[in-house]
Amino acid sequence: MSEPLLNVAHLRIEFNTRRGTLVAVDDISFDVMPGEVFGVVGESGAGKSLTGQAIIGLLEPPGRIAAGEIRLDGRRIDNLPYGQMRRLRGRQIGMIFQDPLTSLNPLYTVGRQLVETIQTHTSMNHEEARRRAVALLEDVGIPAADKRIDHYPHQFSGGMRQRVVIALALCANPRLVIADEPTTALDVSIQAQIILLLKQLCEQYDTAVILITHDMGVIAEISDRVAVMYAGRIVEIGGVREVVKNARHPYARGLMGAIPSLHRRVEKLNQIDGSMPRLTEIPSGCAFHPRCPQAFERCRRERPDLVRVGESQVACWLYGRTS
Amino acid sequence: MSTSGAPQTSGGKDILLRVRGLKRYFDVSQPLLNRLLEGKPRQILRAVSGINFDIQRGHTFALVGESGCGKSTVANLVVGLYRPTAGTIEFDGQDLAKLQRRSELAAIRRKMAMIFQDPYASLNPRWRVFNIISEPIRAFGLLDDKQAIIDRTAQLLTQVGLSPQDGQKYPHEFSGGQRQRISIARALASDPQFIVCDEPTSALDVSVQAQILNLMSELQQRLGLSYLFISHDLAVVRHMADRIGVMYLGRLCESAPADTLFENPRHPYTRLLLDTIPDIEMTGRKRVPVAGEIPNPIDPPTGCAFHPRCPRVTDVCRRERPHLRPVADGIMVACHAVDAPDHLSGSQAAG
């Protein structure tokens, strides 16, 4: 296959606090191919949003990248100086946040925000940029875009605002868009519209997407591949059908079984007892071992690495090498 | 069709809660002076505009709908946090509006409890868990003896999967799922028959959600509880409910036994919801998203509130509001496009 668009290798994100160093993301590696929708799923605190922030260089202090490399098109981007990173952000990597109300400036019309972004990244004059902004709003399905462009964010509904945010992220035609919980703040019937729109636009613009969400349904709907995160580590990466239907890691399998289905009713949902450990008390060895029904001695001592099992990669001592 | 094992709610069953013609309007007008100066009319938000349902003893009735459809308002009306604008709520044969004396009200309130959505906001952060859970016992004067209260609280904590020692801790020492367990223990403290659950798991992660849903089912079986379960998540509702009411802009558009509703949705809105919601089944079929958005409840569309988004809309939908009427045994639908068999359509005129 072709070269990966994004390569994350051994990324480690730490927080220095008064009580010592907390490791929020611990040695994760993955590739994102051009044009692919790559899902990152996990429960709150798994480190999925931090991973997204690290890639786009928006990690907030005291969080910092303590080790590892992030490469876009083979070029290292995790250690770029501020100015260069700023040019790359938006131009090469777009970002869609969870809450569309906080990612738009309430004091400016959406048109002004779009034109400003377009002009930052291209050499268009104001007229051209405005025409492009109207075209973008039409692309994201906003009716009467030439009128709506002069409206303020509060004049749009939640779903429409998220469409504007998607338009903003796609302004400069980036190679990669990081969508962090893009549909969580929306109603269910609007969610489906936004997900489909995202998928369709990324095909149209040939943009890769890192889709960060806790909602497995959203992942199953549009992702090509998915990484499952637990306590700052990736426990399984694989094709989305493989992971949903045939998860190998006990946590991933438990997670899939815990999701109630629309299509069949079970007597009792599969439950994973306990909850995800706090960052201050991550267990030794495999972080999942205290909750794992299949844990054995080695899981408590040694941390498993991702190994290839079939088409997927799994970090679990039940699979692969025998030491 | 309705051959599934789900119970059919029709006359003669053991009905615990009966809601008839329930309405709640909110006045959201500008202040009087502004209205006079700017010539603006009064604005009334019809959060709940006339709904009927029954809950059978020991069963779960779920209300689903998107935000702003009025489902939480119904929950608050049922437990008495709001007064209805019109309509009646009968609990165990007693009309709640007719109860005037404090002692009578207290006797009914004891039998009802509520679990809220956000376990971070619903527990007093300055109280120890023991005090949070034992408050209903003390407030209703159920037990006098201090030791008896301690024992009862310990039993409640054990029942929801926590340890009696946890009573000495404060809410911030617990995770979201554990806090929701504390909320459940508190709800159970007055030995209720009926619990209103307003989005009890929507603030929780999926694996924790599964724990709480399993706990709630288990408690229902063990204690014979009835639930009014409010949620926007259809998959969760399918798992929990015996019967489901789908709400849209303050009205019920369909009410049916859970399995029937999912296997054979009749109202176009129910169909669209089921068709569009992302699911992990990966059937691979193309989704057709619901066009448009939920209208403003202050200024709802004429006729059927769903008509601007409905694929089966006709002229009559724009003019006349359809009434909820039976279309098959135990299934009620409010839609002009859904035909009722002749022998059931008699009650249509009464609406």
Side-chain angles (χ1 to χ4, degrees), chain A residues 41-46 141 143 156-160 183 185-197 199 213-222 230 240-241 243-245 251 254-276 278 291, chain B residues 4 6 64-69 161 174-178 201 203-215 217-218 232-241 258-259 262-263 269 272-284 286-296 309:
Chain A
V41 70
E43 301 183 74
S44 33
F156 291 81
S157 65
M160 285 296 157
T183 60
L186 305 175
D187 262 315
V188 278
S189 71
I190 312 298
Q191 258 187 22
Q193 296 174 1
I194 298 294
I195 298 168
L196 273 167
L197 174 74
K199 171 111 180 155
T213 177
H214 69 280
D215 187 341
M216 208 52 220
V218 171
I219 297 267
E221 201 72 23
I222 67 165
Y230 182 79
V240 68
R241 179 165 279 274
V243 174
V244 171
K245 293 285 179 200
Y251 172 68
L255 193 64
M256 301 306 147
I259 303 170
S261 165
L262 277 179
H263 297 286
R264 73 202 129 78
R265 184 171 176 162
V266 291
E267 208 38 57
K268 194 166 186 282
L269 291 170
N270 184 6
Q271 70 181 58
I272 311 174
D273 289 323
S275 52
M276 192 148 66
R278 295 177 188 205
R291 301 173 73 189
Chain B
S4 57
V64 287
E66 300 179 83
S67 41
C69 73
F174 296 89
S175 67
Q178 288 170 322
T201 60
L204 307 176
D205 276 317
V206 275
S207 73
V208 180
Q209 166 173 291
Q211 294 172 10
I212 297 296
L213 293 179
N214 284 341
L215 174 69
S217 309
E218 194 190 305
H232 69 279
D233 187 332
L234 279 149
V236 167
V237 160
R238 163 147 223 197
H239 182 70
M240 294 297 290
D259 289 332
F262 281 90
E263 277 149 30
Y269 178 61
L272 287 173
L273 274 184
L274 290 178
D275 279 349
T276 50
I277 289 173
D279 188 27
I280 57 165
E281 287 302 314
M282 310 198 56
T283 44
K286 278 275 173 222
R287 306 268 182 199
V288 188
V290 198
E293 305 197 356
I294 304 165
N296 186 345
R309 303 170 79 187

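In the text below, chain A, chain B and the rest are named by the order of the sequence lines, each starting its count at 1.
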Which answer fits [X], side chain, backbone, both or neither, if we ask what part of it has an atom under 4.5 Å from a heavy atom of chain A?
X	result
B/L213	side chain
B/Q209	side chain
B/S67	both

Do you know which two heavy atoms are closest between [X] and [Y], and how far apart they sit?
X	Y	result
A/S261	B/A235	C-CB, 4.0 Å
A/Q271	B/Q211	OE1-CA, 3.7 Å
B/R309	A/I190	NH2-CD1, 4.4 Å

Chain B heavy atoms under 4.5 Å from [X]: which part of the residue, side chain, backbone, both or neither?
X	answer
A/E43	both
A/N270	backbone
A/M276	neither

Heavy-atom pairs under 4.5 Å with chain B are the metric here; pick the option from [options] that has the most.
options	answer
A/I272, A/I195, A/L255	A/I272
A/M160, A/R278, A/M256	A/M160
A/S157, A/P260, A/A258, A/G45	A/P260

Review point. Are side-chain heavy atoms of A/R291 and B/S207 found at a separation under 4.5 Å?
Key: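 Sidechains of B/S207 and A/R291: in contact.
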
Review point. Does a side-chain heavy-atom distance below 4.5 Å link B/V206 with A/M216?
Key: no

**Study point:** Atom pair NE2/CD1 of B/H239 and A/I259 - distance to nearest 0.5 Å
**Key:**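 It is 13.0 Å, given to the nearest 0.5 Å.
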
Practice item. Answer yes or no: is there a donor N or O on one side and an acceptor on the other, between the side chain of B/N214 and the main chain of A/K268, under 3.5 Å? Key: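 No; judged by distance alone, with no hydrogens or angles, the pair does not exist.
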
